[in-house]
Structures are given as structure tokens and as C-alpha cells.
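Residue numbering restarts at 1 for every chain, and letters A, B, ... go by the order of the sequence lines. Since the structure is predicted, the reported quantities are computational estimates derived from the model, not experimental observations.
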Amino acid sequence: MNRTCYAGEVNDCLLGKKVTLCGWVQRQRDLGGVIFIDLRDRSGIFQIVFEPESCEEELLRIAKNIRSEFIIEVVGIIRKRSNPNPNLPTGYLEMLASELTLLNESETPPFLITDNTDAKEDLRLVYRFLDLRRPFLQKNVIFRHEVVKAIREFLYKEGFIEIETPMLIRSTPEGARDYIVPSRIYQGKFYALPQSPQLFKQLSMIAGFDKYFQIARCFRDEDSRSDRQPEFTQLDLEMSFVNEEDIYDITERLFCNIFKTCLNVNIQTPFQRISYLKALTEYGTDKPDIRFEMKIEDYSDLFKESSFPVFQKTIEDSGRILGIKIADGSNYSRKEIENLQEWMKEQQRSFRLQETGFIWLKSNNQEIQGTIKKYVSITEASLLNGRIKETDLLVLLAGKESEISSQLGVLRNHIAKTAKLIDKNDFKFCWITDFPLFKWNEEEQKIETEHHPFTQPNMDDYREGYLSEEKEKALKCRARCYDLVLNGIELSSGSIRNHDPKIQYKILEIIGMSKAEIDRRFGFLLDALKYGAPPHGGIAPGIDRLVMIMLGLDSLRDVYAFPKTSTGLCLMTKAPSEVDKEQLAELGINLVSKNVEKKETG
RNA sequence: GGGGUUGUAGUUCAGUUCGGUUAGAAUGCCGGCCUGUCACGCCGGAGGUCGCGAGUUCGAGUCUCGUCGGCCCCGCCA
């Protein structure tokens, strides 16, 4: 290695010194006599100058033929620039070259390698190795490394043991679709790629490792989104002899440490705790963004005698009239209010939601104005004046509670975004607690687990007999389960697990598995629980999402070195691909042609 | 499985309404000139399977049907 320092790290200390830089040519500017080359490496850009007065002819000849993305090694003296470039951190210095080695040429790249490149993302994904040269992605990839490093260092200090768990595992029937891998030795049988190391981390606890973690790759064969990739990384963490408080404590200290180390941001602790029901009632979602207030409030009582037909109907149908107050919304123009109405309608149409009227009211000198002004009685007006300020704009929806509260939840986020209520540098965590253990699947008419079937029920509810096949009882049973939400995005779920095999059996039975099926699929786990399983629990924060939020980005693809498209393709390697007939034959696999399938089903 | 949107020089786009001569621009690339640029400048040049395949038509980048990609979203994601 001849390089003596990185391009972005050249500073005053090196003035007058001879240094060697290696890297890529960002740009060459040949002014006829003097030639400039901007050299780029992962640290930044530095200007090299070649002068006819002080450079040999051969050196000038090589420099003249240098093109973008050529790889060069250059030696020279660092000096101050007579006309600094304020746009570059190193713009006040330059190197007067004395030696130049062309290490490799480059074809003209298909797109400009700078942060404000004009190429579209699909092209950049084909040439991801070029895209990754852009400072933006270099910064993201390195930042991600810093986050993972901070996590490891913190957990090592806390006495956690890093354990690798297998990638080729038994297919688990519950939850997301598995990626499956055919077995050659056992034809007709398949491994699955893990959706998470869930069972192995529990088994690690039973094995006595006490505090486990892993930066684990997880695979789920479901459709992607901008915040979802088919393979993703979790910090998987589990501890024995713990309750919820222990998990909250270690998680809060971990995140404080990550944000302090990587962003120099102080995170407020303890994280606010919000029960699942309260989250749904006040925020209309189980992943509330608590960076702003604007909570959902119930106005049903206020309008119970209303002369407005829609309200009358709603009250009759035991629906609700819910609303949010937009602070400083009273000065919204007609146009702004219309835009909100239009946006709401659009949402309802495209998500096929119940179409409710959009009602707005405001108070001006004690006088109520708005869509249903003429229906507001004197009593109602005075009650309203007690609840809204002159600066507020009140938006009301009437209908079935579950529907309108989630719509208000979405509206709440929309307003916060458009009214710029959110500070980009604000990070607010909260715990969502007291989730139900089960939920009702209307389509299949069966009970399912809300989180996963290894979550322990709330022991009070267990003693009340709610752990039952009876739907009414089961749906009342709370779980020892918690979500960690950051800025309105679900970062993580965790729970205290079942260590009592009887309870574990019961839960699997309630979700409709026969004893034989339980033994076949989860026999190893239930066996393990019988041989001295300690109480244990854990959590598994998503690293990709965490890094995305920390960097203020909207797309997960910007925090993966090598992401897939929204349809699960790797445009660079063209995966997935067909395989040789021989490979399939070895696995005992016959392909069913797509056309045949179409004929049969059509 | 469904909805929306998109595909034209290497790249980003215009042209599609209402079919009609040789498909344009910017940028990049190549050549020449240029001694302080930094998105260098000036002059010149090359560069096109209009995603692919059928169809309608005297004639299709433009209309119809199919198909293959990209992006966003619903469903799905214990």
C-alpha cells in the first residue's frame, strides 16, 4: 500500500509534505496548459494540479489522457490554493503532482457518479457497484457499519454472547411465507430460510447462555414495499430470568447509546408507554408518531342531541363522532381545507374505506363557523367553545369507531407532514404495551395469535381463565408483548416467552393445531421446555429501518449495500434465475410450465 | 391477486392531444483549441430496434391487443 492518506483527510498538517493518494478520477479538466484532476475515494474529493512549469512532459501527457473513473495513484506536495473552492471541504488545498500512475482504465460509466446524478434508480441498481461509489451511498453504508459496531460494543460490555443460528431450518407454518430450499440428499424435502431466529434464541436460553444476541439476517417471502425487503437484518436479542422492565431497560440504554455514539443525539428516557387500546383510541394506530400531539378526541356526547341528520344517524347506529384539532388551523384558506377534503376522499376511495363526510368547524369570537354551522345549536356552540381554541380548526368524522379512528390516524400523520409539524432531527420512541394475545381471522373464521404463538399470556388474564378456546374469552386475553415505535414506524416487537410447556401447548391448541400437529412441528421446542427452561424474553429491532430513520431517509434501498427491487429482483446479478436441468434433476424437481398452469386454472 | 404510474440517443427528458418529410433538446462521449479551473470555456463530430411482439392503416414513437421491466400503494408481512 503506497497510499499515505485519504483524499478527504488531507489538511493543514500536511502542508508542504509529499503525500500519495489513490482513488477514482471524479473529473479531469484540461485547460490547455494546466490540468486539474479531482480525485475521489471513500473519504472525499481532493484536487490535483499538473503545471507545465513544474511537471515533466511525460507526466503531463499521462494526465491529459486521464478520464472519469480511471484509477490512479498520484504523488505530490500539498500546498495552499490561491483561489480556494468553498464547495469542497478540502477546497483550500491542492496537490502539485510529481508522479502519476494509471492503475486501471474505466469505460465511460453509464451515469454520472455524483450525489445529484440524473440516472433513474433501476439503472443504478443494475450498476450498483458504481452507484455505491456516490458519496451519499458511501455515507449510508458506513453509517450503518457504525450503528452495528455501536450495538456490538454495547452488548459485549453488557455481557451478551453473540451466537450464530442456522440459515437452513425447518419450515415454520405460521406467519409469513417461507423461502424454501430443496434438499438434494432427501429429495422431496425442503429447508426453509429463517423468518427470524426466534426458536433458536429461545433454545439458546434453555441451553443456559442467559444473554444472547445476533445481528441476524431474516427472510420473508412476501411482497416488498419501500420500507420492506425480502431479506432484512434484525438485532435479535434474548435474556433469561427477566420481565418486561428488564427488556425495556436494556433496549432504552442500547438506543440511547446508539444515538449518542452515531448521531450525538440525546434520547429522552424512559420511553413513553402507551397501551395498545390507548394508542388506537388516541392516535388511531398501534404505531403512533408522538413527535406531535393532535390526539383524536371523542365529540359524540357533545353532539348527542344534534339536529344534523348524519350525526343523528351515527348516534342511532351506536357509531362515534371523533375529531382532531389542527393547531393554528383556523387561518387555513378555503383552498387548504378543500385540499384536505379531497385528500381524505382520495384515501377513502383508493383504500375502499367507508366514505364519510369531512366536517370542519372553527370558533371565531365565540361564533362557530364551518360546514355544519347551521345545525350547531347554542348549547353545542358553547360546549364547543370550551373545547376548541380560536386558533384551532376542528375536523370531525362520524361513523363506526374502528373505521373513522384509523382514518383520523392517517389524516393526523398527513397534516403533520403537510403543515410541517415535524422536526426532522427529532427522535421519539414509545412502547406499545398490553397487546391482545389473539385476534380473530374473519376470513378463515379462526383464532390467530396477534404477535407469535410463543408469547406468554398476561398471567392475571391466564388465572381469569381467558386462555381458552372460547372466542369471547380468548380475545380478552392480553399478551406479555411489546412493540417499540420510533417516529411512527414500528421498529421492533418483543415478548416474554412461554417457558411453561402446558401453556405453550394450550396456545397452539387455541389457534387450531391438533396435538399430533403440535408434536410434529414444535416437538423439539416443547421437549426443550420440559427440561428446565428458564423464564426468558427478548426483542428484535430492525436494523435497516433504524438506520433509515436515523438518516432521515424514505427508502430502505438507500441503506442496503445490495438491495432488491420492489418485485424481489436483483437487477445486478439478475437473481432469481433459472437453473440447469441437471441441478433440478439432482433435487428431483420437475417444473410445471406456466402456460400449462394457466390452461388448467383458466 | 388488485389499483396507480412509468418505459424514446450512454443518461435525463420533449414529441403521443388530432397517425404523415430525415424523431429533437440538454447533458455525457469523441476530436480540435485553450495556463487557475472546479458543472471550466469555445468550435466541430459521432450517437436511435421509440421496452418487446402482434394487429389496424397507403403510412404507427403516436391507435388497439398482448407481453416484459421499473416505482408507489392495497391485500400480504406470526
Side-chain angles (χ1 to χ4, degrees), chain A residues 26-39 45-55 60 64-65 67-69 81-88 90-92 94 96 106-127 130 172-178 195-196 198-199 218-230 232 346-353 410 435 437-439 441 443 447-455 479 481 490 493 495 507-508 511 540 542 554-555 557 564-569 571 574 594-595 601:
Chain A
Q26 180 67 38
R27 200 166 205 99
Q28 182 254 35
R29 291 179 295 278
D30 180 353
L31 272 63
V34 68
I35 297 169
F36 297 97
I37 287 178
D38 290 338
L39 181 87
I45 286 176
F46 197 75
Q47 175 170 288
I48 322 288
V49 61
F50 301 79
E51 293 175 342
E53 293 81 6
S54 43
C55 294
L60 288 166
K64 212 172 177 56
N65 291 312
R67 294 290 179 271
S68 291
E69 300 309 313
R81 284 172 61 166
S82 51
N83 46 352
N85 178 1
N87 301 321
L88 274 185
T90 60
Y92 66 104
E94 68 184 5
L96 177 61
S106 166
E107 286 186 15
T108 303
F111 55 88
L112 204 60
I113 299 177
T114 66
D115 278 350
N116 47 8
T117 185
D118 55 2
K120 283 188 289 194
E121 196 177 16
D122 51 340
L123 182 78
R124 290 191 281 114
L125 285 171
V126 174
Y127 296 95
L130 296 180
T172 51
E174 298 293 316
R177 204 176 289 117
D178 283 328
Q195 295 181 25
S196 80
Q198 180 62 34
L199 293 174
C218 306
F219 304 87
R220 292 179 193 173
D221 188 2
E222 299 291 346
D223 292 350
S224 302
R225 287 284 190 284
S226 56
D227 63 349
R228 230 159 64 189
Q229 283 267 314
F232 60 99
E346 187 59 42
Q347 291 286 310
Q348 291 170 341
R349 261 198 306 270
S350 61
F351 298 154
R352 297 201 181 86
L353 296 168
V410 178
F435 278 88
L437 186 60
F438 299 109
K439 66 182 171 204
N441 184 325
E443 261 172 48
I447 297 175
E448 287 179 348
T449 48
E450 170 81 28
H451 182 51
H452 61 51
F454 315 110
T455 302
C481 165
E490 185 190 318
S493 281
S495 62
I507 290 172
L508 293 169
I511 60 175
D554 298 318
S555 171
R557 289 185 296 274
K564 293 185 171 54
T565 66
S566 68
T567 46
L569 297 173
L571 295 180
K574 298 194 174 69
K594 229 182 176 179
N595 294 333
T601 53

Legend entry - C1' gap between B:rU22 and B:rA9, integer Å: 16 Å

Legend entry - Protein-nucleotide distance (A:Ile48, atom CD1; B:rC38, atom C1'), rounded to Å: 13 Å

Inset, instruction - Return no unless some side-chain N or O of A:Asn83 is found under 4.0 Å from OP1 or OP2 of B:rU37. - result: yes

Inset, instruction - Find the distance A:Asp227:CG to B:rC76:C1' and express it as a whole number of Å. - result: 13 Å

Legend entry - Separation of B:rC29 C1' from A:Gln28 CD (nearest whole Å): 14 Å

Inset, instruction - Would you check, one step at a time, whether the test side-chain contact (heavy atoms from CB on, under 4.5 Å) holds for A:Arg220 with A:Ser196? - result: CA-CA 9 Å; A:Arg220 292 179 193 173; A:Ser196 80; 4.1 Å; yes

Legend entry - Nucleic acid contacts of residues 218-226 of chain A, taken as heavy-atom distances under 4.0 Å to RNA chain B: A:Arg220, A:Glu222, A:Asp223, A:Arg225, A:Ser226

Legend entry - Inter-nucleotide P distance (B:rG47, B:rC42), Å rounded: 24 Å

Inset, instruction - Figure out the CZ/C1' separation between A:Phe232 and B:rC77, and round it to whole Å. - result: 9 Å

Legend entry - Any residue meeting salt bridge (charged side-chain N to carboxylate O under 4.0 Å, His left out) with A:Glu490, in chain and number order, not counting sequence neighbours: none

Inset, instruction - Could you tell me which residues satisfy side-chain hydrogen bond (donor to acceptor under 3.5 Å, both in side chains) with A:Ser82, sequence neighbours excluded, listed by chain and number? - result: none

Legend entry - Contact under 4.0 Å: A:Thr114 side-chain N or O vs B:rA39 OP1/OP2: no

Inset, instruction - Only counting residues at least two apart or in another chain, list the ones meeting side-chain hydrogen bond (donor to acceptor under 3.5 Å, both in side chains) with A:Thr108. - result: none

Legend entry - Interatomic distance where CD belongs to A:Glu51 and P belongs to B:rG36 [whole Å]: 11 Å

Inset, instruction - Kindly say whether, by distance alone, the side chain of A:Arg81 makes a donor-acceptor pair under 3.5 Å with the base of B:rU37? - result: yes

Legend entry - Over 12 foreign heavy atoms within 6.0 Å of OH, A:Tyr127: no

Inset, instruction - Using the C1' atoms only, state how far B:rC34 lies from B:rC43, rounded to an integer number of Å. - result: 11 Å

Inset, instruction - Check A:Leu60 against A:Gly33 and note the closest heavy-atom contact, atom names and distance. - result: CD2-O, 4.5 Å

Inset, instruction - Tell me what A:Leu88 touches on the nucleic acid: a base, only sugar-phosphate, or nothing, going by heavy atoms under 4.0 Å. - result: nothing

Inset, instruction - Could I get the full list of salt bridge (charged side-chain N to carboxylate O under 4.0 Å, His left out) partners for A:Arg124, not counting sequence neighbours? - result: A:Asp131

Inset, instruction - To the nearest Å, give me how far apart CG (A:Asp178) and P (B:rC76) are. - result: 18 Å

Inset, instruction - Measure from CG on A:Asp30 to P on B:rC42 and round the result to the nearest Å. - result: 16 Å

Inset, instruction - Report which part of the nucleic acid A:Glu53 touches: base, sugar-phosphate, or nothing (heavy-atom distance under 4.0 Å, all strands). - result: base

Legend entry - Nucleotide nearest A:Thr108 when distance is taken to its side chain, options B:rU37, B:rC29, B:rC72: B:rC29

Inset, instruction - Classify the nucleic acid contact of A:Ser196 as base, sugar-phosphate or nothing, counting any heavy atom under 4.0 Å across all strands shown. - result: base

Legend entry - Out of B:rG70, B:rC30, B:rU35, whichever nucleotide has its closest atom nearest the side chain of A:Leu569: B:rG70

Inset, instruction - Choose from B:rC71, B:rC77, B:rC38 the nucleotide whose nearest atom is closest to any side-chain atom of A:Arg228. - result: B:rC77

Legend entry - Same-atom distance (C1') from B:rC63 to B:rC50, integer angstrom: 15 Å

Legend entry - Candidate nucleotides B:rG36, B:rG75, B:rC71, ranked by approach to the side chain of A:Phe36 - the nearest: B:rG36

Legend entry - Pairwise P distance for B:rU16 and B:rG53, with rounding to whole Å: 24 Å

Inset, instruction - For A:Lys64, enumerate each residue passing the salt bridge (charged side-chain N to carboxylate O under 4.0 Å, His left out) test, keeping only those at least two apart in sequence or located in another chain. - result: A:Asp30

Inset, instruction - If B:rU37 has a Watson-Crick or G-U wobble mate with both distances under 3.5 Å, name it; if not, just say none. - result: none

Legend entry - P atoms of B:rG10 and B:rC30, separation to the nearest Å: 15 Å

Inset, instruction - Identify, between A:Gly32 and A:Asn87, the residue whose nearest nucleotide on RNA chain B lies closer to the 5' end. - result: A:Gly32

Legend entry - Gap between atom OG of A:Ser493 and atom CZ of A:Phe435 - 0.5 Å precision: 6.5 Å

Inset, instruction - With sequence neighbours left out, write down each residue that passes side chain to side chain contact (heavy atoms under 4.5 Å, CB included) with A:Leu88, or none if nothing qualifies. - result: A:Ile45, A:Asn85, A:Thr90

Can you pull every protein N or O that's under 3.5 Å from an N or O on nucleotides 9-13 of chain B?
residue	atom	partner	partner atom	Å
B:rG10	O2'	A:Pro110	O	3.3
B:rU11	O4'	A:Pro110	O	3.4
B:rU11	O2'	A:Asp118	OD1	2.9
B:rU12	OP1	A:Lys120	N	2.9
B:rC13	OP2	A:Lys120	NZ	3.3

Legend entry - Whole-angstrom distance between B:rG61 and B:rG4, as gauged at atom C1': 23 Å

Legend entry - A:Arg557 side-chain N/O to B:rC72 phosphate OP1/OP2 under 4.0 Å: yes

Legend entry - Complementary nucleotide of B:rG61, counting Watson-Crick and G-U pairs under 3.5 Å: none

Inset, instruction - Scan every strand shown for a Watson-Crick or G-U wobble partner of B:rU22, both distances under 3.5 Å, and answer none if you come up empty. - result: none

Inset, instruction - Taking side chain to side chain contact (heavy atoms under 4.5 Å, CB included) as the test, write out the residues that go with A:Leu31, two or more places apart. - result: A:Arg29, A:Val34, A:Phe36

Legend entry - Donor-acceptor pair, side chain of A:Arg557 and main chain of A:Thr565, under 3.5 angstrom: no

Inset, instruction - Would you mind reading off the distance between A:Leu96 atom CG and B:rU37 atom P, rounded to a whole angstrom? - result: 17 Å

Inset, instruction - Describe the nucleic acid contact of A:Arg124 in one word from base, sugar-phosphate, nothing, applying a heavy-atom distance below 4.0 Å. - result: nothing

Inset, instruction - Can you tell me, in whole Å, how much space there is between the C1' of B:rG51 and that of B:rA46? - result: 24 Å

Inset, instruction - With RNA chain B as reference, determine whether A:Ser555 or A:Arg29 sits nearer its 5' end, using the nearest nucleotide of each. - result: A:Arg29

Legend entry - Residue matched to B:rG45 through Watson-Crick or wobble contacts both under 3.5 angstrom: B:rC29

